[in-house]
K.L.:
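I'd like to ask some things about the structure below.
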Amino acid sequence: MDLPRSIVISEHSHRIHNPFTSEKLATLGRALRLEPGARALDLASGSGEMLCTWARDHGISGTGVDISTVFVGKARARAAELGVAERVVFVHGDASGYVAEEPVDLVSCVGATWIGGGVPGTVELLRRSLRPGGMMLIGEPYWRLEPPDQRTVEACHARSKDEFLPLAGLIERFGGLGYDVVEMVLADQDSWDRYRAAQWLNIRRWLDRHPEDELAAELRAELSTAPARYARYEREYLGWGVFALMSR
């Protein structure tokens, strides 16, 4: 049980596995007005940057769950680096079935709603770990601009236009699930650049070191096409944000 090697290779230098900079992550933490001692559960926690920095900056504690052995290892190392290893724990496992033993104050899935089969299923999964009156964080793409054709849709990693919604439609979807949107921090094109462009450098450096690897041809093809495809489609049409929700 692990992530595909190609993802680990392309994102091995990332601390945040989404189009968010450290500044935006810090802005989100401040916006949520986190209380010292609050307990969090982060599903699909990646390299643990959110829990680790918020434990350092806001005094929270929590558990992160991720399917990648590499990213879980990085998260544990980051917790030790920041001096918060006694307050945050990272578990290698399938986040899609993980429920906290006791309800937590903050529960999140930032950029991986596939664990619940989409937004509604992920909201329901997170709800099972959240105390009454607690806060839920969902990170999710949305359309910045309406895609003009199926080629644009697929270049933005969707199967159909209906897979993502415009920003207002996504907020309304949360409302339809019984939640108020009480905060949001959105990616911008610069934070998208930092996320995607870092992947290209990771791939190139890996290719230089492993020209005979079985994945080399696949990743060489990706590097040859990804930058222009990103600039033409994803950078223009696809937005992304983290939305803070509270049950009505």
Side-chain angles (χ1 to χ4, degrees), residues 1-22 25 42-50 52 64-78 90-98 108-118 122 139-141 147 150-160 163-164 187 189-240 242:
M1 180 175 61
D2 215 324
L3 280 180
R5 282 181 66 216
S6 58
I7 297 177
V8 175
I9 290 166
S10 67
E11 299 198 10
H12 83 270
S13 72
H14 289 54
R15 284 182 173 169
I16 302 170
H17 301 277
N18 290 297
F20 241 30
T21 60
S22 57
L25 189 62
D42 187 21
L43 298 185
S45 53
S47 296
E49 189 73 358
M50 186 173 80
C52 289
V65 183
D66 200 87
I67 198 171
S68 169
T69 53
V70 172
F71 295 164
V72 167
K74 290 179 62 177
R76 291 169 178 166
R78 183 64 165 156
F90 293 96
V91 177
H92 174 242
D94 183 0
S96 64
Y98 195 96
S108 55
C109 176
V110 177
T113 55
W114 50 265
I115 68 171
T122 300
E140 182 70 0
Q150 183 63 18
R151 182 174 183 177
T152 302
V153 168
E154 294 177 2
C156 292
H157 313 286
R159 290 162 294 186
S160 71
E163 191 166 333
F164 304 140
Q189 288 175 308
D190 179 66
S191 53
W192 269 109
D193 293 347
R194 299 280 47 77
Y195 174 54
R196 288 298 189 208
Q199 294 176 347
W200 312 331
L201 183 57
N202 287 339
I203 292 171
R204 175 54 196 263
R205 287 180 169 168
W206 182 89
L207 285 169
D208 289 344
R209 293 192 301 268
H210 304 93
E212 304 301 324
D213 191 278
E214 62 182 2
L215 285 179
E218 173 187 333
L219 290 179
R220 162 43 61 193
E222 173 68 10
L223 183 58
S224 297
T225 58
R229 184 175 66 245
Y230 163 74
R232 180 172 290 116
Y233 299 110
E234 190 173 5
R235 193 179 195 272
E236 297 302 314
Y237 289 92
L238 195 60
W240 190 88
V242 181

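Given the structure is predicted, the values throughout are model-derived calculations rather than measurements.
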K.L.:
Between SG of C156 and CZ of R151, what distance do you get to the nearest 0.5 Å?
P.N.:
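Rounded to the nearest 0.5 Å, the SG-CZ separation comes to 12.0 Å.
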K.L.:
Please name all residues satisfying ring pair (Phe, Tyr, Trp, His ring centres under 6.0 Å) with H92, sequence neighbours left out, ordered by chain then number.
P.N.:
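For H92, no residue satisfies ring pair (Phe, Tyr, Trp, His ring centres under 6.0 Å) once neighbours in sequence are set aside.
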K.L.:
Test of understanding: with salt bridge (charged side-chain N to carboxylate O under 4.0 Å, His left out), list the residues that count as partners of D213, not counting sequence neighbours.
P.N.:
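Expected list: R5.
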K.L.:
To the nearest 0.5 angstrom, please state how far the CZ atom of F71 sits from the OG atom of S45.
P.N.:
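Reported value, rounded in 0.5 Å steps: 10.5 Å.
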K.L.:
Please examine the side chains of L223 and R204, heavy atoms only from C-beta on, and report whether any two atoms are closer than 4.5 Å.
P.N.:
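Yes. Closest side-chain heavy atoms under 4.5 Å.
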K.L.:
I need the C52 SG to L25 CG distance, nearest 0.5 Å.
P.N.:
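Those atoms lie 10.5 Å apart.
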K.L.:
Any donor-acceptor pair under 3.5 Å linking the side chain of S47 with the backbone of R15?
P.N.:
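No, because the side chain of S47 does not come within donor-acceptor range (under 3.5 Å) of the backbone of R15.
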K.L.:
Side chain of K74, backbone of G46: donor and acceptor closer than 3.5 Å?
P.N.:
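Not confirmed, K74 side chain does not pair with G46 backbone.
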K.L.:
Between S108 and D42, does any side-chain donor sit less than 3.5 Å from a side-chain acceptor?
P.N.:
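A pair is found: one side chain offers a donor N or O, the other an acceptor, under 3.5 Å apart.
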K.L.:
Can you measure from CG (D2) to CD1 (I7) and round to the nearest 0.5 angstrom?
P.N.:
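Separation between the atoms: 10.0 Å.
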K.L.:
Please enumerate all residues that pass side chain to side chain donor-acceptor pair (under 3.5 Å) together with Y230, with sequence neighbours excluded.
P.N.:
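For Y230 the side chain to side chain donor-acceptor pair (under 3.5 Å) partners, ignoring immediate neighbours, are D193.
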K.L.:
Quick one: ring pair (Phe, Tyr, Trp, His ring centres under 6.0 Å) partners of F164, sequence neighbours excluded?
P.N.:
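F164: ring pair (Phe, Tyr, Trp, His ring centres under 6.0 Å) contacts with W143.
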K.L.:
Measuring only between side-chain heavy atoms, which start at C-beta, is H14 closer than 4.5 Å to E49?
P.N.:
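Result no, sub-4.5 Å side-chain heavy-atom pair not found.
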K.L.:
Is N18 reaching over with its side chain to a backbone N or O of G139, donor-acceptor style, under 3.5 angstrom?
P.N.:
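No; judged by distance alone, with no hydrogens or angles, the pair does not exist.
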K.L.:
What residue pairs, at least two apart or across chains, pass ring-ring contact (aromatic ring centres under 6.0 Å, His included) with a residue in residues 201-228?
P.N.:
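Sorted result for residues 201-228: W206-H210.
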K.L.:
How close do A216 and P211 get, counting heavy atoms only, and between which atoms?
P.N.:
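So the minimum-distance heavy-atom pair works out to CB-O, 3.5 Å.
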K.L.:
Mind checking side chain to side chain contact (heavy atoms under 4.5 Å, CB included) for S6 and listing every partner two or more places apart, or none if nothing turns up?
P.N.:
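Once residues adjacent in sequence are excluded, the partners of S6 under the side chain to side chain contact (heavy atoms under 4.5 Å, CB included) criterion are P4, E218, L219.
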K.L.:
What heavy-atom pair brings S191 and T21 nearest, and what distance separates the two atoms?
P.N.:
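Where S191 meets T21 most closely, the heavy atoms are CB-CG2, 3.7 Å.
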K.L.:
Identify the two heavy atoms, one from A95 and one from A44, that lie closest to each other, and give their separation to 0.1 Å.
P.N.:
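Scanning both residues completely, I find the closest heavy atoms to be CB-N, 3.6 Å.
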K.L.:
Applying salt bridge (charged side-chain N to carboxylate O under 4.0 Å, His left out), can you list everything that pairs with R194, at least two apart in sequence or on another chain?
P.N.:
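So R194 forms no salt bridge (charged side-chain N to carboxylate O under 4.0 Å, His left out) with any residue.
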K.L.:
What's the separation between atom CG in D94 and atom CD1 in I67, rounded to the nearest 0.5 Å?
P.N.:
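The CG atom of D94 sits 5.5 Å away from the CD1 atom of I67.
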K.L.:
In this structure, are over 12 heavy atoms from other groups packed under 6.0 Å from R220 atom CZ?
P.N.:
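Above 12, so yes.
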K.L.:
Tell me, please, which residues at least two apart from S10 pass side chain to side chain contact (heavy atoms under 4.5 Å, CB included).
P.N.:
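With sequence neighbours excluded, S10 shows a side chain to side chain contact (heavy atoms under 4.5 Å, CB included) to Q199, I203, given in chain and number order.
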K.L.:
Tell me, with the steps shown, if I115 and T122 meet side chain to side chain contact (heavy atoms under 4.5 Å, CB included).
P.N.:
CA-CA 7 Å; I115 68 171; T122 300; 4.2 Å; yes
K.L.:
Does P19 have any side chain to side chain contact (heavy atoms under 4.5 Å, CB included) partners at least two apart in sequence or in another chain, and if so, which?
P.N.:
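Testing P19 for side chain to side chain contact (heavy atoms under 4.5 Å, CB included), a comparison that skips the adjacent residues, returns A187, W192, Y195, W240.
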K.L.:
Testing the 3.5 Å rule here: is there a donor-acceptor pair between the side chains of S68 and D66?
P.N.:
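Per modelled atom types, S68 and D66 side chains form no pair under 3.5 Å.
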K.L.:
Can you list the residues that meet the side chain to side chain contact (heavy atoms under 4.5 Å, CB included) rule with R229, with sequence neighbours excluded?
P.N.:
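A155, E222, T225, A226, Y233.
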K.L.:
The criterion is salt bridge (charged side-chain N to carboxylate O under 4.0 Å, His left out); which residues satisfy it with R76, sequence neighbours excluded?
P.N.:
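Counting only residues at least two positions away or on another chain, R76 forms no salt bridge (charged side-chain N to carboxylate O under 4.0 Å, His left out).
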K.L.:
Could you pull out all residues at least two apart from R209 that satisfy salt bridge (charged side-chain N to carboxylate O under 4.0 Å, His left out)?
P.N.:
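So R209 forms no salt bridge (charged side-chain N to carboxylate O under 4.0 Å, His left out) with any residue.
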